[in-house]
**Student:** 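Got a structure here, written out as structure tokens. Questions coming.
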Amino acid sequence: MSFKLGVLKTLKQLLQNWLVKNSINPDRESAERSDTISILMASGDALIQFAGGLCASGILSHDSPLLLHIILDFYVLVSNIYIRFNLPLIVLPPPAVFYAALLCTDSVNLDQLCFIMRRFRDNLMMAKKNEQSHMLVNISHQPYQVYNQYLTAMVGCLWTSQAFNQDTHPQGIKMAPELFVQANVPMYKRAFNIIHHPALLGYSVAFLRERLSEEQMFDLHLLKGKYWDIFIEYVSNYGLTDFKLFIERSVKRVHSKKTEQGSLQS
């Protein structure tokens, strides 16, 4: 696995060097440079897509929290391309990477995914604003579509307990309810949310243990309603600040009962 980690770190450094070399000064932008920018974006996209293919292959062949962390670190850089380097290139992680992070058992990686999704949201909102201002930008509809599909999956997995019937991505985790019934899976509708998610389960138990008796510390059904908001603050105090910000900015809550997702339109 050390070879894979080394390759990914090298690709990240290569992308970093490419971004520094080709970042655009907004004061020097003009329509005359559009052809040059298109060529630059094509080369940058090719590099990211190549790295994405390696990342997906690595995740599928070696399920490692450390490998996933290094991969997500690469996509932290990718998520900064438009805002930080002023280059009109927005490329989201491939499904294999996204779902590995969304369903992971490590809270650090889940928190990192929340940061990446928030950052891509900022990228897409800025791109939309620049398009409306007729600035030099050429972002296709595809990143908006993928972002909204990923957002639906995350909201279903972390908040609405609809992970298996809300997902709209063709490579997602949507499954027919009858499959769970046939497999005798108990309470499958609650298998994923902020309380039952495998990366947050330890926090849920600790949260209950601090407030209830030891006999009740595993009664996760007691965590509902207003306690979800308190629980979000609780995990944020343990360093999961991006998780908290993702919920606050991507989920519209009304007394923790009625929920909508903040999708984006191109």
**Student:** Can you tell me if CG on Asp63 sees more than 12 non-hydrogen neighbours from other groups inside 6.0 Å?
**Tutor:** no

**Student:** Mind checking whether Val76 and Leu87 sit in one hydrophobic cluster, side chains of I, L, V, M, F, W, Y counted as touching below 4.5 Å?
**Tutor:** yes

**Student:** With the side chain counted from C-beta on, respond yes when Leu15 and Phe74 share a heavy-atom pair under 4.5 Å apart, and no when they do not.
**Tutor:** yes

**Student:** Let me see the working for Leu14 and Leu47 under side chain to side chain contact (heavy atoms under 4.5 Å, CB included), right down to the final yes or no.
**Tutor:** CA-CA 9 Å; Leu14 181 62; Leu47 172 58; 3.9 Å; yes

**Student:** Using only atom types and a distance under 3.5 Å, with no angle test, would you say the side chain of Asp73 pairs donor to acceptor with the backbone of His69?
**Tutor:** no

**Student:** Count I, L, V, M, F, W, Y as connected when their side-chain heavy atoms are under 4.5 Å apart, and connections chain through other members. Are Val108 and Tyr203 then in the same cluster?
**Tutor:** no

**Student:** Verify, without hydrogens or angle tests, whether Ser61 (side chain) and Ser57 (backbone) share a donor-acceptor contact under 3.5 angstrom.
**Tutor:** yes

**Student:** Would you please name every residue forming a side chain to side chain contact (heavy atoms under 4.5 Å, CB included) with Ile83, sequence neighbours left out?
**Tutor:** Arg119, Asp122, Asn123, Met126

**Student:** Which pair of non-hydrogen atoms, one from Trp228 and one from Ile195, has the smallest distance, and what is that distance?
**Tutor:** NE1-CG1, 3.4 Å

**Student:** Working note: Lys128 + Tyr144, criterion side chain to side chain contact (heavy atoms under 4.5 Å, CB included); need CA distance, chi angles, decisive distance, verdict.
**Tutor:** CA-CA 10 Å; Lys128 187 174 181 64; Tyr144 292 92; 3.7 Å; yes

**Student:** Keeping the roles fixed (side chain from Ser43, backbone from Leu40), state whether a donor-acceptor pair exists under 3.5 Å.
**Tutor:** yes

**Student:** Are any non-hydrogen side-chain atoms of Leu103 and Cys157 less than 4.5 angstrom apart?
**Tutor:** yes

**Student:** Scan Leu151, Ile90, Val91, Leu92 and name whichever one has a side-chain contact (heavy atoms from CB on, under 4.5 Å) with Val146.
**Tutor:** Leu92

**Student:** Would you find a donor on one side and an acceptor on the other, under 3.5 Å apart, between the side chain of Asn109 and the backbone of Leu68?
**Tutor:** no

**Student:** Is there a donor-acceptor pair closer than 3.5 Å between any side-chain N or O of His197 and the backbone N or O of Ala199?
**Tutor:** yes

**Student:** Measure the spacing between CE of Met154 and OH of Tyr147 and express it to the nearest 0.5 Å.
**Tutor:** 8.5 Å

**Student:** Would you check, one step at a time, whether the test side chain to side chain contact (heavy atoms under 4.5 Å, CB included) holds for Asn193 with Leu158?
**Tutor:** CA-CA 4 Å; Asn193 55 42; Leu158 296 175; over 6 Å; no

**Student:** Using 0.5 Å steps for rounding, measure from the OG atom of Ser250 to the CZ atom of Arg118.
**Tutor:** 8.5 Å

**Student:** Is Ile194 close to Val235 at the side-chain level, that is, under 4.5 Å between some pair of heavy atoms?
**Tutor:** no

**Student:** Is Leu8 close to Leu67 at the side-chain level, that is, under 4.5 Å between some pair of heavy atoms?
**Tutor:** yes

**Student:** For the hydrophobic clusters of this structure (ILVMFWY residues joined by side-chain heavy atoms under 4.5 Å, transitively), does one cluster hold both Tyr75 and Leu60?
**Tutor:** no

**Student:** Hey, are Asn237 and Glu233 close enough side-chain-wise for a donor-acceptor pair under 3.5 Å?
**Tutor:** no

**Student:** How about Phe243 and Ser107: do any of their side-chain heavy atoms sit closer than 4.5 Å?
**Tutor:** no

**Student:** For Leu102 and Leu110, work out which heavy atoms get closest and say how close.
**Tutor:** O-CD1, 4.1 Å

**Student:** Just verifying a value: how many Å separate Leu72 CG and Cys55 SG, rounded to the nearest 0.5 Å?
**Tutor:** 9.0 Å

**Student:** Quiz question: by atom type and distance under 3.5 Å, do the side chains of Glu210 and Tyr234 form a donor-acceptor pair?
**Tutor:** yes

**Student:** Ala51 and Leu11: which non-hydrogen atoms are nearest, and at how many Å?
**Tutor:** CB-CD1, 3.9 Å

**Student:** Where the side chain of Thr152 meets the backbone of Asn148, is there a donor-acceptor pair that is under 3.5 Å apart?
**Tutor:** yes

**Student:** Show, in sequence, the C-alpha distance, side-chain angles and deciding distance for Ser204 and His196, and conclude whether the side chain to side chain contact (heavy atoms under 4.5 Å, CB included) test is met.
**Tutor:** CA-CA 8 Å; Ser204 301; His196 296 86; over 6 Å; no

**Student:** Test of understanding: clusters of I, L, V, M, F, W, Y form through side-chain heavy atoms closer than 4.5 Å, transitively. Do Leu245 and Ile232 belong to the same one?
**Tutor:** no

**Student:** Enumerate the residue pairs fulfilling ring-ring contact (aromatic ring centres under 6.0 Å, His included) with a member in residues 88-117, sequence neighbours excluded, ordered by first and then second residue.
**Tutor:** Phe98-Tyr150

**Student:** Is Ser79 reaching over with its side chain to a backbone N or O of Phe120, donor-acceptor style, under 3.5 angstrom?
**Tutor:** no

**Student:** Counting only heavy atoms from other residues, nucleotides and ligands, does the tally under 6.0 Å from CZ of Arg211 exceed 12?
**Tutor:** yes

**Student:** Answer whether the closest heavy-atom distance between the side chains of Leu200 and Leu240 falls below 4.5 Å.
**Tutor:** yes

**Student:** Counting N and O atoms only, with roles assigned by atom type, does the side chain of Asp111 sit under 3.5 Å from a partner on the main chain of Asp242, one being a donor and the other an acceptor?
**Tutor:** yes

**Student:** Kindly give the heavy-atom pair with the smallest separation between Ile247 and Trp159, and that separation in Å.
**Tutor:** CG2-CZ3, 4.0 Å

**Student:** Work out which heavy atom in Ala96 is nearest to a heavy atom in Ala56; give both atom names and the distance.
**Tutor:** CB-CB, 3.7 Å

**Student:** Are the ring centres of Phe231 and Phe207 closer than 6.0 Å?
**Tutor:** yes

**Student:** Could you give the distance from CG (Asn22) to CD1 (Ile81), rounded to the nearest 0.5 Å?
**Tutor:** 11.0 Å

